[in-house]
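Quick notes on the structure that follows.
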There are 2 protein chains.
Amino acid sequence: MSEDFPLTIGQLANQAGVHVQTLRYYENEGLLVPSARTAGGQRRYSRADCQRLHFIRHAREFGFSIEQIRELIDLAAQGNRSCAEIDAIARRHREDVRRRIRLLRELETELDRMVDECAGGRVTECRVLEVLGNHDLCRTDHGHAGESSEPT
Amino acid sequence: MSEDFPLTIGQLANQAGVHVQTLRYYENEGLLVPSARTAGGQRRYSRADCQRLHFIRHAREFGFSIEQIRELIDLAAQGNRSCAEIDAIARRHREDVRRRIRLLRELETELDRMVDECAGGRVTECRVLEVLGNHDLCRTDHGHAGESSEPT
DNA sequence: CTCTTACCTACAGTCACTGTAGGTTCAAGC
DNA sequence: GCTTGAACCTACAGTGACTGTAGGTAAGAG
């Protein structure tokens, strides 16, 4: 299952469960530059590169942005400093997640009312269309709950 | 406050609280084609156009995608049909919202553990970095909670 | 008739990838 | 050493729902 280091891009992608293009993208973004290349220009990833990728992937699963991960990696490299800045990034992200949950729950409430009140007749008397056409039928000021393009 | 119809793009944008470019984008997408243009080529929006925009904006606030809104408008135009398809779109969307809430709550749990356990010392002993570097420290299989690029 | 404001089209940028085209390198088998 | 096929390379376009910009045109007031 485990292969010898250094790994090719395909071996690393396979091991980490990401696409080859994703690794090239991370390199472009300066997150994961392979520690070597062959004479012919092919990427070779060391064990440290591999650990770094796992850190990046895990942080992505936690919903941190590429930019935040870049900051985390930069801060992590200065082991002697206080970890206050790292904590601040994580706390800010948690606030963001909480805010998104709040907005989505308001949205769910409105969707529940809309869907449950529709008696299922003709289109002309559809409650869903009625609610969408008239903001006064909403209980909460759901304002901008669903439309922002923020990640889940 | 209210202006006479037909409205210019700027007047309509102002009234609806969207950017002028957004209206041009909706036209490109076939969602809101103004019912007239001046001899010089400037857009003029009727009262019906205005109502349609409010429908679109409200649906966007509900988190429906442009594609879903296109379908809703198409279905709404066939007033005599059963509204089952409209309900289905709304129900599917509600399921999606619920799934996103579930994933975000798992994420919040992990972030809570991570942030709360960090004692705030040096970077080298930072719990946040430790958790991100080692998936075994997670309680749940948060897998793909935070990384998908779905809208809030 | 001028001036300013608002409008026009067309295109690039956002985010975190994903997909494609067209060409090159590597490692294995002969 | 040579051939073959898989994996690799770069560069660029596309996703969704906008937002921002450049360079030019129309409308309406004075």
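All chains are named by letter (A, B, ...) in the order of the sequence lines, taking the proteins before the strands, and each is independently numbered beginning at 1.
- The structure places OG1 of Thr109(B) at 9.0 Å from CZ of Arg113(B), a figure rounded to the nearest 0.5 Å.
- Contact of the Pro6(A) side chain with the Tyr45(A) side chain is not registered, since no non-hydrogen atoms from C-beta on lie closer than 4.5 Å.
- At the phosphate of dA26(D), neither OP1 nor OP2 sits under 4.0 Å from any side-chain N or O atom of Thr38(B).
- When rounded to the nearest whole Å, the span between OH of Tyr25(A) and P of dG19(C) equals 15 Å.
- Proximity of Arg37(B) to the phosphate of dA26(D): no side-chain N or O atom is located under 4.0 Å from OP1 or OP2.
- Separating the CG atom of Leu7(B) from the C1' atom of dC7(C) is a distance of 15 Å, rounded to the nearest angstrom.
- To the nearest angstrom, C1' of dA7(D) lies 7 Å from CD of Gln42(A).
- Neither OP1 nor OP2 of dG16(D) sits under 4.0 Å from any side-chain N or O of Arg60(B).
- Dashed line: the shortest gap from a side-chain N or O of Thr22(B) to OP1 or OP2 of dA17(D) is not under 4.0 Å.
- The nearest whole Å value for the distance from the CZ atom in Arg44(A) to the C1' atom in dA7(D) is 10 Å.
- Between Arg92(B) and Glu95(B), none of the side-chain N atoms (NZ, or NE/NH1/NH2) sits under 4.0 Å from a carboxylate O, so this pair counts as no salt bridge.
- Atoms CD1 (Ile66(A)) and C1' (dC17(C)) sit 9 Å apart, rounded to a whole Å.
- Of the side-chain N and O atoms in Arg43(B), none sit less than 4.0 angstrom from OP1 or OP2 of dA26(D).
- Between His19(A) and Glu27(B), the residue anchored nearer the 5' end of DNA chain C, judged by the nucleotide with its closest heavy atom, is Glu27(B).
- In this structure, Leu104(A) and Val97(B) approach most closely via the heavy-atom pair O-CG1, 3.7 Å.
- Under 4.0 angstrom from either OP1 or OP2 of dT10(D) there lies no side-chain N or O belonging to Arg24(A).
- Across His93(B) and Gly63(B), no two heavy atoms sit closer than the pair CE1-O, 3.1 Å.
- Nearer to the 5' terminus of DNA chain D, by closest-nucleotide assignment, is the contact made by Gly41(A) (compared with the other of Ala39(B) and Gly41(A)).
- The distance from atom CG of Asn28(A) to atom P of dA11(D) is 9 Å, rounded to the nearest whole Å.
- The distance between atom CD1 of Ile9(B) and atom C1' of dT19(D), rounded to the nearest whole Å, is 14 Å.
- When the nearest nucleotides of DNA chain C are assigned to Gln21(B) and Ser65(A) by heavy-atom distance, the more 5′-ward of the two goes with Gln21(B).
- The separation between Tyr45(A) atom OH and dC8(D) atom C1' is 11 Å, rounded to whole Å.
- One finds a side-chain N or O of Tyr26(A) lying less than 4.0 angstrom from the OP1 or OP2 phosphate oxygen of dC17(C).
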